[in-house]
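Here's the structure we're looking at; comments come further down.
Below, chains carry the letters A, B, ... as their sequence lines are ordered, and counting in each starts from 1. Only heavy atoms go into these numbers, but all of them, side chains included; no hydrogens, no water, no symmetry mates. These figures come from a predicted structure and were not determined experimentally.
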Amino acid sequence: MDAVLKATIYDCFEKGLLSKTPLPDYVIEIPNNPDHGHFATNLPLTLASSQKRAPREIASVLVENLKDEGDLLESTEIAGPGFINFRISPTEWHAVLCNVLSLRADYGRTTYGNNEKVLVEFVSANPTGPLHLGHGRGAALGDTLCRILSFCGYEVTREFYINDAGQQIKMLGESVFCRFKQMYDPAYPFPDNGYHGDYILDLARIISEEADLKNLSEEAAIDICTQKGKAMMLDEIKQDLSRFRVAFDVWYSENALYDSGLLKSALDTIKEKEHVYDREGAQWIKTSDFGDDKDRVIQKKDGQFTYFASDISYHLEKKRRGFKKAINIWGADHHGYVPRMNAALLAHGFPEDWLSVMLIQLVKLWKGGQEIKMSKRAGDFVTLKELVDEVGVDAVRFVFLTKSHDSTLDFDIDLVKKQDSDNPVYYVQYGHARICSIFRKAASEGISLPDRPDGLLERLILDEEMALIRRMAEFPSLLDEISRTLEPHRLTYYLTDLAASFHKYFNLGTKIPEYRIVTNDRETSHARLFLADAVRAVIANGLGLLGISAPERM
RNA sequence: GCGCCCGUAGCUCAGUUGGAUAGAGCGCCGGGCUUCGAACCCGUAGGUCGCAGGUUCGAGUCCUGCCGGGCGCGCCA
């Protein structure tokens with residue numbers, strides 16, 4: 001389409017029908033209103049000022065000189081203030097359908113990413129407690145984004161950064177140890193800022209069975225509680241994620257940064273770059289030279305490195321491992337941290353767009369018409385596991401992925417639970433199951449499809465049939481667009497639309513028997529079954545990218 | 001006080017580098033199953049796109065200022 005337009009405009013330049021100017025930023029879009037054709041462009045409007053002519057006049061010059069050499073177009077018209085609306089000929093749409101049918105599970109796969117190595121870091125929950133709803137949102141988002149990026153030709157690595165070096169991990173150990181002590185001495189004081197959840201008590205029980213905490217020094221016992229507690233929590237996190245259909249390629253330990261000396265050598269490079277200075281006995285990095293609102297400490301007065309220091313070295317390490325691009329998915333409460341991270345990376349000469357941080361806004365949980373405040377320290381929260389137990393993986397993932405990540409999400413647990421049949425995920429899945437059912441029906445009537453749809457597709461002439469094909473044609477470019485904008489939620493809306501188009505089409509046949517998919521005319525049945533089969537493939541591909549099952553029966 | 005995100009139908013939310021008459025689901029009201037799955041379809045009602053300016057052929061979308069809500073502003077992680 002764009003090729004036709006470009007050929008046309010250069011031809012008009014050559015012939016002197018239009019004065020030669022640089023091409024403006026025009027768009028070719030799919031209009032909302034079907035009356036406006038299959039595609040529309042605002043090219044004449046954008047040319048108006050440089051050409052110093054009326055948009056409609058420019059439009060008529062372009063239309064009269066259209067270079068449609070492949071015979072792509074069925075009709076062209078000038079509309080409104082100076083849009084050009086195009087209709088594609090049916091045979092072109094049939095070609096799209098053939099393409100879907102031959103590619104099937106690979107339909108939508110693109111080379112947009114050019115095999116670029118990209119690292120997506122997400123969830124990265126501290127191993128001090130179970131995953132909660134916020135983590136679930138990050139997990140669903142990150143996982144789906146990775147699936148889409150891979151599908152679009154990126155070489156994706158999924159990474160979970162384990163914050164196992166800091167204060168909070170010690171606090172886990174102390175909390176567990178305290179619960180252990182309290183088994184014998186209920187008055188034993190609980191540490192300030194300790195973790196209060198019931199799971200701490202479980203850890204204390206299990207660890208005290210495995211290790212003889214009683215006869216160890218307090219220091220040694222706390223150390224065991226810390227190490228075992230951390231390992232067990234991490235194990236639980238891995239299980240929860242796996243059940244949520246989220247897999248990671250790399251589990252990267254913050255401790256490893258210290259142990260391997262990477263942190264130290266990274267800080268040496270920072271110092272070489274002369275962006276570090278001494279003040280009041282601490283080491284500061286001049287992030288304010290690179291867009292941060294103030295400088296930051298990387299090494300404290302007591303010689304300890306800050307969390308920021310290890311995070312900088314972690315990102316230097318990511319780059320060193322050869323990634324051309326990094327995407328971090330963080331909770332919105334870390335947003336203040338973004339400018340300093342970017343500043344530190346700029347100080348190291350990273351390209352400005354090397355790191356993209358996606359901030360996910362809060363998940364607010366509602367139950368019985370009331371908001372439930374969640375706090376990990378207070379031990380008062382709903383875990384991802386509990387939610388999945390109640391509503392199932394498919395529904396939870398779909399709800400998370402239906403909202404844009406930078407908007408807070410109200411998760412009404414009663415609604416999602418009771419919704420069962422009203423939940424939009426079932427609407428899409430039902431489309432898939434329904435098509436499977438039609439094929440079962442066709443088989444029971446002895447209808448078998450030819451290997452190829454050649455010569456049959458001109459039977460597809462209904463508006464609803466064309467609408468389905470047009471929808472499917474958008475799929476690959478939608479995925480590219482999602483890769484570019486990092487907005488996976490658009491896929492859920494696409495699938496809902498596609499399923500709606502199918503349900504609508506299907507329902508034609510409840511009124512008029514000739515419009516059924518399996519109908520009296522055999523060739524028409526074949527053509528419609530091919531169409532349905534293609535829709536089934538696209539729904540399955542889309543659900544697959546969302547990490548949601550495509551059931552054959554429901 | 002400063003910074004980031006959000007504000008669109010009764011509710012929850014979409015709205016594709018600015019495009020033509022602002023959409024969906026839920027809820028309300030009313031229709032549609034004697035053969036392909038009614039977990040579906042069709043229709044009615046419901047809007048000052050928070051407010052006010054600005055940019056232009058054109059603004060829910062971009063800019064400025066307000067209002068309202070959320071989240072951050074440690075030598076914590």
Under 5.5 Å and under 30°: A:H489 stacked on B:rA14: no
Can you tell me if A:K511 touches the phosphate of B:rA38, counting only side-chain N or O atoms and a distance under 4.0 Å to OP1 or OP2? no
Nucleotide forming a Watson-Crick or wobble pair with B:rC51, both distances under 3.5 Å: B:rG65
Tell me whether A:N520 at atom CG has more than 12 heavy atoms from other residues, nucleotides or ligands lying less than 6.0 Å away. no
Using atom C1' of each nucleotide, how far apart are B:rU44 and B:rG27 to the nearest Å? 15 Å
Can you confirm whether A:L5 sits close enough to A:Y26 that some side-chain heavy atom of one is under 4.5 Å from a side-chain heavy atom of the other? yes
Under the 5.5 Å and 30° test, is A:F83 stacked on the base of B:rA20? yes
Among the nucleotides B:rA77, B:rG37, B:rG32, which one has an atom lying closest to any side-chain atom of A:A433? B:rG37
Applying side chain to side chain contact (heavy atoms under 4.5 Å, CB included), name anything that partners A:Q299, two or more places apart in sequence or on another chain. A:K271, A:Q283, A:F305
If you assign each of A:T510 and A:G336 to its closest nucleotide in RNA chain B, which residue comes earlier from the 5' end? A:T510
From CZ of A:R536 across to C1' of B:rC36 the rounded distance in Å is 14 Å
Separation of the P atoms in B:rC5 and B:rC49, to the nearest angstrom: 23 Å
Quick check, does A:F506 stack with B:rC36? I mean ring centres under 5.5 Å and planes off by under 30°. yes
Using the C1' atom as the reference point in each nucleotide, state the distance between B:rA59 and B:rA22 in Å, no decimals. 12 Å
Out of B:rA20, B:rG37, B:rA77, whichever nucleotide has its closest atom nearest the side chain of A:Y430: B:rG37
Considering only heavy side-chain atoms of A:R484, the closest of B:rG32, B:rG19, B:rU17 is B:rU17
Quick test: give all pairs of protein nitrogen or oxygen and nucleotides 7-12 of chain B nitrogen or oxygen below 3.5 Å, distance rounded to 0.1 Å.
unit_1	atom_1	unit_2	atom_2	d
B:rU12	O2'	A:K403	NZ	3.4

Establish whether the base of B:rA77 is bridged to the side chain of A:D333 by a donor-acceptor pair shorter than 3.5 Å. no
Which listed nucleotide (B:rA20, B:rG37, B:rC5) is nearest to the side chain of A:K441? B:rG37
Out of B:rC40, B:rG19, B:rA14, which has the shortest distance to the side chain of A:N42? B:rG19
Whole-Å P distance, B:rG37 and B:rG31: 27 Å
May I ask you to say what A:K170 touches in the nucleic acid, namely base, sugar-phosphate or nothing, with a heavy-atom cut-off under 4.0 Å? nothing
Considering only heavy side-chain atoms of A:I517, the closest of B:rA14, B:rC75, B:rC36 is B:rC36
Provide the distance between the two C1' atoms, one in B:rU61 and one in B:rG50, to the nearest whole Å. 16 Å
Listed nucleotide nearest any side-chain atom of A:P513, set B:rA20, B:rC75, B:rU35: B:rU35
Please give the distance between the C1' atoms of B:rG3 and B:rC40 as a whole number of Å. 49 Å
Any side-chain to backbone donor/acceptor pair from A:R279 onto A:V297? Under 3.5 Å, distance only. no
Who pairs with A:E552 by side-chain hydrogen bond (donor to acceptor under 3.5 Å, both in side chains), at least two apart in sequence or on another chain? none
Please check if atom CG in A:D25 has more than 12 non-hydrogen atoms from other residues, nucleotides or ligands closer than 6.0 Å. no
Are a donor atom and an acceptor atom from the side chains of A:N163 and A:Q168 found within less than 3.5 Å of each other? no
Determine whether the aromatic ring centres of residues A:F400 and A:F411 are separated by less than 6.0 angstrom. yes
I'd like to know whether A:D521 forms a salt bridge (Lys or Arg N to Asp or Glu O under 4.0 Å) with A:R459, so could you lay out the CA-CA distance, the side-chain angles of the two residues, the decisive distance to 0.1 Å, and finally the verdict. CA-CA 10 Å; A:D521 182 87; A:R459 300 284 180 144; 3.2 Å; yes
Ignoring hydrogens and angles, answer whether the base of B:rC71 and the side-chain atoms of A:H335 contain a donor-acceptor pair closer than 3.5 Å. yes
Of all the choices, B:rG37, B:rC36, B:rC40, which nucleotide is nearest to the side chain of A:R516 once you look at every atom? B:rC36
With rounding to the closest Å, how many angstrom separate the C1' atoms on B:rC29 and B:rG68? 34 Å
At less than 4.0 Å, is any side-chain N or O atom of A:Y26 found next to OP1 or OP2 of B:rG18? Yes or no. no
Between A:E445 and A:D35, whichever has its closest RNA chain B nucleotide further toward 5' is A:D35
Think A:R434 has a side-chain N or O under 4.0 angstrom from the OP1 or OP2 of B:rA38? yes
Of the listed nucleotides B:rG19, B:rA39, B:rC41, the one nearest the side chain of A:H503: B:rC41
Rounding to the closest angstrom, what is the interatomic distance between B:rU8 and B:rC13 at atom C1'? 9 Å
Heavy atoms from C-beta onward define the side chain here; which of B:rC75, B:rA14, B:rC36 lies closest to that of A:Y493? B:rA14
